[in-house]
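One structure is given below, encoded as structure tokens.
Quick note on labels: first sequence line is chain A, next is B, and so on, each numbered from 1.
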Number of protein chains: 2
Amino acid sequence: MTLAPPSEPLPFRDLEDVAAALRRAGSRLTTPRRMVLEALFAADELLTAEQIADGKLDLTSVYRNLEKLEELGVVRHVHIGHGPSVYGLLGDGEREFLVCERCGKVVVAGTDQLDRVRAVIREQFGYEARFTHFPLHGRCPDCIRR
Amino acid sequence: MTLAPPSEPLPFRDLEDVAAALRRAGSRLTTPRRMVLEALFAADELLTAEQIADGKLDLTSVYRNLEKLEELGVVRHVHIGHGPSVYGLLGDGEREFLVCERCGKVVVAGTDQLDRVRAVIREQFGYEARFTHFPLHGRCPDCIRR
DNA sequence: CCAGCTACTGAGAGTGACTTGCAAGAGCGG
DNA sequence: CCGCTCTTGCAAGTCACTCTCAGTAGCTGG
């Protein structure tokens, strides 16, 4: 799976933006493709492939479309835990994720919000941490005391 | 899957220690069980169920044994990335993991080594981070510049 | 506006990593 | 060393994809 270059992520505000990018890439805006995009634009949180299919689309098609949209830099997927991956729009920049192991709540952050954390990790371990694809796991404030 | 109580993790130095704990729990030290434990004691890194089975044991049996040993507090498993889970001995305390998304290298740390990182995350997000079951992902020093 | 090139689609079968069901087998306390 | 019951191995099932392939439908150029 090749991701879009990390240069300047063009913002995809709506379906028109994506349609234009698809056209530019020699791809088509088919009905299933549009439905995937509409689901993602309508959602205010991350969705599983199954939620996107919503009993109306073939899962194969959903997965293929998500893959293509991810290559285009429109979509990104996250491995939140034991369940299936969840997918969301990239919008105008990469996002990082914190997920609660107890209640499953997901906090979305811009990459710059985690720069202090990243700095400490880099200083101590030399690792450049990324919470974009595999999120940070832990307990959210509500779940800390059991 | 219920984990051992987080009270005082008794150290399991060798097979004798584990055998005693098994006996105490009304479990038996069977041949496949011993082979799983021997593989883990012999390994100096985390192993997949398949590596533990090593063509000699039924995978079902390996999984069931790892589950039991995890309940006992002898073993812990980690989801390193896209592949299968890896298993290792807990020894005398919980461990946390940093894995390189590029080369796959895994760094093992005692939980106290990540307390500074944890403090920053807690301060900023209220989350109590844990890298025991889902590790921290990023680039290791060797892989940072491509 | 239609023909045709080819990207895309749905149905079905396949894969990897487990997980469950069950009859046969083997520890180990008495 | 008997027998209770914890374990085992095999087979089949599940979950989340992934691949194959024949048929369909966007788009573009005439």
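- Checked for salt-bridge contact, B:D142 and B:K105 meet the test: a charged N lies under 4.0 Å from a carboxylate O.
- Nucleotides of DNA chain D that come within less than 4.0 Å of any heavy atom of chain B span, from the 5' end to the 3' end, D:dT5 to D:dA11.
- Using a 4.5 Å heavy-atom cutoff, the side chains of A:S85 and A:Y87 are in contact.
- Across all strands shown, B:T48 has no heavy atoms under 4.0 Å from either base or sugar-phosphate atoms.
- B:H77 and B:E70 share a side-chain donor-acceptor pair at under 3.5 Å.
- Residues from residues 25-33 of chain B that place a heavy atom under 4.0 Å from any atom of DNA chain C, listed by number: B:R28, B:L29, B:T31.
- For the pair A:L59 CG and C:dG10 C1', the computed distance is 11 Å after rounding to whole Å.
- A salt bridge links A:R118 with A:E96; the closest basic N to acidic carboxylate O contact falls under 4.0 Å.
- Rounded to whole Å, atom C1' of C:dA17 lies 14 Å from atom CD of B:Q51.
- Projected onto DNA chain C by closest heavy-atom contact, B:H79 and A:L22 fall at different nucleotides, the more 5' of which corresponds to A:L22.
- The distance from atom NE2 of A:H82 to atom P of C:dA17 is 15 Å, rounded to the nearest whole Å.
- In this model, a donor atom of one side chain and an acceptor atom of the other lie less than 3.5 Å apart for A:T132 and A:R130.
- Nucleotide C:dA13 holds its P atom 19 Å from the OH atom of A:Y63, rounded to whole Å.
- Residue contacts shown for A:R64 include a base, since a base heavy atom lies under 4.0 Å away.
- Counting to the nearest Å, the P atom of C:dA17 and the CD atom of B:E67 are 19 Å from each other.
- Distance, B:E50 CD to C:dT15 C1': 13 Å, rounded to whole Å.
- Using a 3.5 Å distance cut-off with no hydrogens or angles, the side chains of B:H79 and A:H79 do not pair a donor with an acceptor.
- Using a 4.0 Å heavy-atom cutoff across all strands shown, B:T60 reaches at least one base atom of the nucleic acid.
- Cluster partners of B:F97, using a side-chain heavy-atom cutoff of under 4.5 Å among ILVMFWY residues and allowing indirect links, are B:L46, B:V78, B:I80, B:V86, B:V99, B:V106, B:V108.
- Between the P atom of C:dC28 and the CZ atom of B:R24 lies a distance of 14 Å, rounded to the nearest Å.
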Could you go step by step and tell me if A:E101 and A:R139 meet the salt bridge (charged side-chain N to carboxylate O under 4.0 Å, His left out) rule?
CA-CA 6 Å; A:E101 288 185 347; A:R139 293 259 172 149; 5.7 Å; no
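- Side-chain polar atoms of B:H133 and A:H137 form no donor-acceptor pair below 3.5 angstrom.
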